[in-house]
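Please read the structure below before turning to the comments.
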Amino acid sequence: MAQATEWLDIAALSDIPQQGARLLRTGAGCIAIFRTHDDRVFALDDRCPHKGGPLSEGIVAGHTITCPLHNWVFDLNSGQAQGADEGSVRSYAARVEGGRVLVSAEMLTRRSAA
Amino acid sequence: MEKLVVIGAGMASGRMLEHLTDANAPYQITLFNAEPRGNYNRIMLSPVLSGEKTYEDIVTHDADWYQSRGITTRFGEHVTGIDRKRRIVHGQNGAVPYDKLVIATGSAPFMIPVVGRDLPGVIAYRDLHDTNAMIAAAQPGAEAVVIGGGLLGLEAAAGLQMRGMKVTVIHLMGHLMERQLDPSAGYLLQKALEARGIKVHCKGATKAILGETHAEAVLLEDGTVYGADLVVMAVGIRPETRLAVDAHLEVERGITVDDQLRTSDPSVFALGECVEHRQQLFGLVAPLYDQAKVLAATLMGEASAFQPVQTATKLKVTGCDLFSAGDFADGPTREDIVFRDPGRGIYKRLVIEGDRLVGAVMYGDTADGSWFFGLIKDQTDISQMRDTLIFGPAFQGGGSVDPMAAVAALPPDAEICGCNGVCKGRIVDAVLGGADTLDKLRATTKASASCGTCTGLVQQVMALTLGGEVVDTPAGMCGCTELAHEDVRRLIKAKGLKSMPAVMQECGWTTPDGCAKCRPALNFYLLADWPLDYQDDRQSRFVNERNHANIQKDGTYSVVPRMWGGVTTPAELRAIADAAEKYNVPMVKVTGGQRIDLLGVRKEDLPAMWADLNDAGMVSGHAYSKGLRTVKTCVGSEFCRFGTQDSTGLGIRLEKLLWGSWTPHKVKLGVSGCPRNCAEATCKDVGVVCVDSGYQVSVSGAAGMEVKETELLVTVPTEDEAVEIITAFIQLYRENARYLDRAWKWTARVGLDWVKAQVVDDPDQRRALVERFELSQSVYRKDPWAEHAKPGARDEFSPLADLRLEAAE
C-alpha cells in the first residue's frame, strides 16, 4: 500500500504571489496553493468547512489563511481551524524545488480512493 | 603511483589538496585551472573591491605551495573534454591520463537574458578578473547599478560606494537578501545602506540595459531608468556543469554525487559549487570544506560520508551588522520569539521547534550569533532557558527565570522608557504618588508615551509597585502589537514609516509578517499617508479589493459599473445588457445606491467582462471598496418642479472628484435638490441638502446596523464651497480615523467640534487638506480595470493549472 510520494510539477514559484494563493482545478474539486512570506508553499482544499468559502481568496499571514467569507483561520500545514472554531480542511504535501512548485499526486485521486 | 587529475583550483579543491598532501596520499596530482593563478579566498573579494585588502592578502595557495607539494599545475588552461572510456582529460595544451578524476569547476554567474547584457560595462561579480574590471571602472562620481540585492550584490554595492561611485541596487524581491533575512531584518539593512548613500529599489525587474557602445543606463519594467556607467549583475549563480554534461555524467541542476562525492562514474568525483547532493546545491564555504574533507578521505580509501550541516551567514559590509543561521521559516509546530528595539535599530528573531532552536535572524546586535548558532547545530534542549533565551548567554543562569523577578531586580536608575529617558525609580515614585493607571503615569512621567514599545515593561514596574494589581491597557490593534490604531497612525507620520516592514520594526510587532487584521489596516494607513512613496500591497487587501469585485456566498462575484451620480445613457445600458448576456449573468439588480449590479460572475470572466465595459466607456463602481462608493442624487432643479439647485450636477461633480479614493471604511454620499430629500441624503456619510440660499452640508449619518441622522457641518452659499468642505472632510477622515471606523464612529470619537474647527473654521487647514487629497488622487483616481483587464495581466484571475484531464485518465 504505502508508496513513495509521487510529485506533480504544477508551476513556477513566481507564478504565485508572495503572501498569496492560486487555484488548481482537479477532477475532484479545486485546490488552493499558497505561498507564504518565507516562500513556503502549502496545498489545501479550496473550501472552508464552515460555509464553503474559497480559501484561496483569503489573506495569508505567517503560516495561516483567513477565510474571506467569515474569517475562520486555518493552519496551512495541518488544515486545522484555529482559535474557537472547530473544523479542518484537507491538506496535501507540497514543496518547492529549484523554483518549481511540486504537489503530491495524491490530491488527484483523493476522492476516488475514499 | 595512481594518477589524480583535479579540474578547478577554487576553495573546495584547495582544501582537498591540503588534506591529501598533508597525509602524503600516494597520488601523482595534476591540477587544471582556467584562471591563470592558484587558489585565493574568494570570500575576501569584497574587501579587495572596497580597497580594504589587496589580492596578495587573500592568496591562500600560490605557485610555490603547489610546487612544494609536488602538484603539477596547468594554470590558465581550459579543459576541453573528458574521455571517460580511456580515462583521459584533454586540456588546450595536451592530454593527461587519470585513474581518479575530481571535477571542481565551481559555478558561473547567472546573467539575466535582457537586451544590452553584452554591452561593455556590464560585468558579473565572481572572480578576481571581475573584481579588477570593477575597480578599473569605478571612477569617483560615476554611477553604478548593481542588479541583485543578495549577499554578493550588496557587497559589490558597498565596495563600489567606498570607491566613490553613486550606487543603486535593483532587487527583484520585496526585501534585500530574502534567502537569509526576513522582511524586518531586510528593512533595517536597507535603511542602513540608504543611510550611507546607496539607493535601493526593491520589487524592481530589469527590462533592458541601455547604451550605444557602452552601458549607459538600466531600464526597469515599471519604467524607472537609472543612469549607469557600470552595471554589475549579481543575481545568482548556477553550477558549472558543462564538462560533466559533455562527458555524459549524471547531471541535474548540479553534478549528481553520493555521500562520498562520487558521480555516476565510480572513478570520477566532484565537489564544491558544481555538485548537487540529495537535491541540494551549495554556495557557502562551510559545507564545501566538509566536502573537501570527505573527498580526501574517500580518495585515501577511508570510510567517510558527507552530511550537509546548518550554515550561518554574515554580511561583510562594514557597519551592517547582520546574522542569520538555520531555518527561520515559520511553521505550524514552530514558535517565534521576537525582540525589537526600535530606538537602537535592533531586531532579533529566534525560531523554536519543540525544545530546540532551529533558526535565528539578527540585525544590529549580533554578538550572540555564534552562541545561538551553536545551540542550533548541537540541537541543545533549550526548554529550561526559553524565557530568557533571546537575551543571550549572559542571562542564562540555569533554571527558569521569572520575567517579573528580572524586572524586580532592575536597579532604580535602569532606563525603562528610552524615548523620554524615564528610569525605573521615577516610575515607582510616580505610582506611589498616585499614578495608578497607565494614562496617569504617562501624564506625569511621559513613560511609554512616545513610541509605546516599552508599555509592557512599564506595566510590569507598575504591577510590582502596586503589588501585582491589574493595570488597564489600551486595546492594541491586533495580537501583533499592543499599540492602538491611533498610536500606529501617529508613529507612521512622526517617524516617516513608509513600508510595512518599517512599521512592524519601528512599532515592535511581535509577529514576522502581521496578521489578517493588521495588514489591511497598515496597507490603508501607508497609502493614505504616503500616496507617492508607498505601493499598494494587493496581498494585504481583503478579497473584494484584491479582485475589484464583490465576492458572493458561492464564490462568484458581482460587477457594478460606475454611473456618475446615478445617471446613465441608453448606450451604457446596452453595453451592460450585452455583458450580462455574453457572460451568462444569473441576476441583474438595481442597488440602493442607484447602480446596476450584475450578480454571479465567475472570477476568471472578470477581466474580459471589464474589458468590454471599459470599451463602452465605463469604469469600476468600487461597490466593493473601503472607499468612495456612490453619490446618490435626485433630479434637482433641471427637471423637478420643487428643485432649488442642480443636485444631479453637483452629485456628478462630487463623484468625479472623489472616485477611486481609499478611505477607512466605505463612504456614501447623497445630494438632494430640496428639503423633501428624495436622495435620502441625511443618512449618508456626507449629505447635501440644497435650499434656496445654498447648500446644507451634513456629515456622519448611518443607515446600517446603526441608523443615524447626519449632523450639520455648515451651510454655504456656493457649490464650490460645498465641494471644498466635503473634500477636506473626507481627507481629514482618511488621515485620522481608525481603519474600519465609519465616519459617524470616527466623529463620535474625535467630536464634531474638532472636525468643524479643521474644515470649516480654519481656511488654511481646509486648503491644505484639499491639496493632500488631490495629491493622493493623482495616484488613485483611476480605474483599476484599466490595468487588470489588459490581456497580459489577466493570469492572476485564472487557475494556475487545470488537472481535470489527468485525473480522468
Side-chain angles (χ1 to χ4, degrees), chain A residues 8-12 14-28 30-33 35-40 42 46-47 51-54 56-69 71 73 75-80 97-98 101 103 105 107-112, chain B residues 172-175 178-179 182-183 252-253 276 279-281 327-334 336 351 478 480 511-520 537-544 546-547 551-557 603-604 795-809:
Chain A
L8 291 179
D9 185 325
I10 297 303
S14 54
D15 290 336
I16 310 172
Q18 220 170 24
Q19 294 177 310
R22 292 285 299 275
L23 203 60
L24 206 59
R25 284 228 166 95
T26 79
C30 289
I31 289 179
I33 312 289
R35 175 178 173 191
T36 53
H37 71 104
D38 51 5
D39 280 346
R40 295 287 180 97
F42 298 90
D46 189 37
R47 215 184 132 71
K51 301 256 177 174
S56 57
E57 298 292 356
I59 289 179
V60 180
H63 283 195
T64 66
I65 177 69
T66 303
C67 177
L69 291 196
N71 293 328
V73 180
D75 182 316
L76 285 174
N77 202 50
S78 65
Q80 286 294 326
E97 195 182 300
V101 177
V103 182
M107 57 153 187
L108 286 180
T109 51
R110 60 201 190 277
R111 271 167 223 167
S112 49
Chain B
L172 188 60
M173 307 306 287
H175 68 273
E178 77 285 349
R179 283 172 192 228
D182 58 12
E252 288 188 59
R253 283 178 299 154
E276 177 170 339
Q279 275 130 40
Q280 204 185 337
L281 301 176
D327 182 354
F328 51 86
D330 284 348
T333 54
R334 292 183 173 180
D336 288 304
V351 183
C478 65
C480 305
T511 50
D513 72 332
C515 69
K517 269 190 192 149
C518 60
R519 282 232 313 274
D537 176 22
R538 289 185 77 201
Q539 302 311 325
S540 295
R541 290 275 193 186
F542 181 64
V543 53
N544 291 354
R546 197 181 325 120
N547 292 337
I551 196 163
Q552 305 297 314
K553 61 182 279 189
D554 61 353
T556 64
Y557 292 82
K603 183 186 177 190
E604 51 266 47
D795 277 1
E796 51 201 276
F797 287 88
S798 24
L800 197 52
D802 193 333
L803 302 176
R804 283 176 293 193
L805 292 176
E806 275 99 313
E809 275 167 14

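Chain naming here is simple, since letters A, B, ... match the order of the sequence lines and numbering starts at 1 in each.
In plain terms, the two heavy atoms of Gln552(B) and Leu69(A) that are nearest each other are O-CD2, 4.1 Å. The minimum heavy-atom distance linking Cys515(B) with Ala61(A) is given by the pair CA-CB, 3.5 Å. Ala516(B) and Thr66(A) get closest at one heavy-atom pair: CB-OG1, 3.2 Å.
The CG atom of Leu803(B) sits 5.0 Å away from the CD1 atom of Ile10(A) when rounded to the nearest 0.5 Å. From Arg25(A), atom CZ reaches atom CG of Leu800(B) across 11.5 Å, with rounding to the nearest 0.5 Å. In this structure, the separation between CZ on Arg519(B) and NE2 on His37(A) is 9.0 Å, given to the nearest 0.5 Å. Residue Ser14(A) holds its OG atom at 8.5 Å from CE of Met173(B), rounded to the nearest 0.5 Å. For the atom pair Gln18(A) CD and Glu178(B) CD, the distance stands at 8.0 Å (nearest 0.5 Å).
If you measure heavy-atom distances from Ile65(A) to chain B, you find no contacts under 4.5 Å at all. Contacts between Asn547(B) and chain A at a heavy-atom distance below 4.5 Å involve the side chain alone, from C-beta outward. For Glu604(B), the part lying near chain A is the side chain, with the backbone staying farther off; criterion is any non-hydrogen pair under 4.5 Å. Heavy-atom distances place the side chain of Pro54(A), and not its backbone, under 4.5 Å from chain B.
In terms of modelled atom types and a separation under 3.5 Å, the side chain of Arg22(A) and the main chain of Phe797(B) share no donor-acceptor contact.
Shown here is Arg47(A), whose CZ atom has no more than 12 heavy atoms of other residues, nucleotides or ligands within 6.0 Å.
Screening Pro68(A), Ser56(A), Cys67(A) against Val543(B) for a side-chain contact (heavy atoms from CB on, under 4.5 Å) leaves a single residue, Pro68(A).
Residues Gln19(A) and Asp537(B) meet the side-chain proximity criterion, which asks for heavy atoms closer than 4.5 Å.
Note on Arg546(B), Gln279(B), Arg253(B): by heavy-atom pairs under 4.5 Å with chain A, the leading option is Arg546(B).
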task = Given side chain to side chain contact (heavy atoms under 4.5 Å, CB included), test Gln539(B) with Ile59(A) step by step and report yes or no.
result = CA-CA 7 Å; Gln539(B) 302 311 325; Ile59(A) 289 179; over 6 Å; no
task = Applying side chain to side chain contact (heavy atoms under 4.5 Å, CB included), run through Tyr557(B) and Glu57(A) and close with a yes or a no.
result = CA-CA 12 Å; Tyr557(B) 292 82; Glu57(A) 298 292 356; 3.4 Å; yes
task = Would you check, one step at a time, whether the test side chain to side chain contact (heavy atoms under 4.5 Å, CB included) holds for Lys51(A) with Lys553(B)?
result = CA-CA 8 Å; Lys51(A) 301 256 177 174; Lys553(B) 61 182 279 189; over 6 Å; no
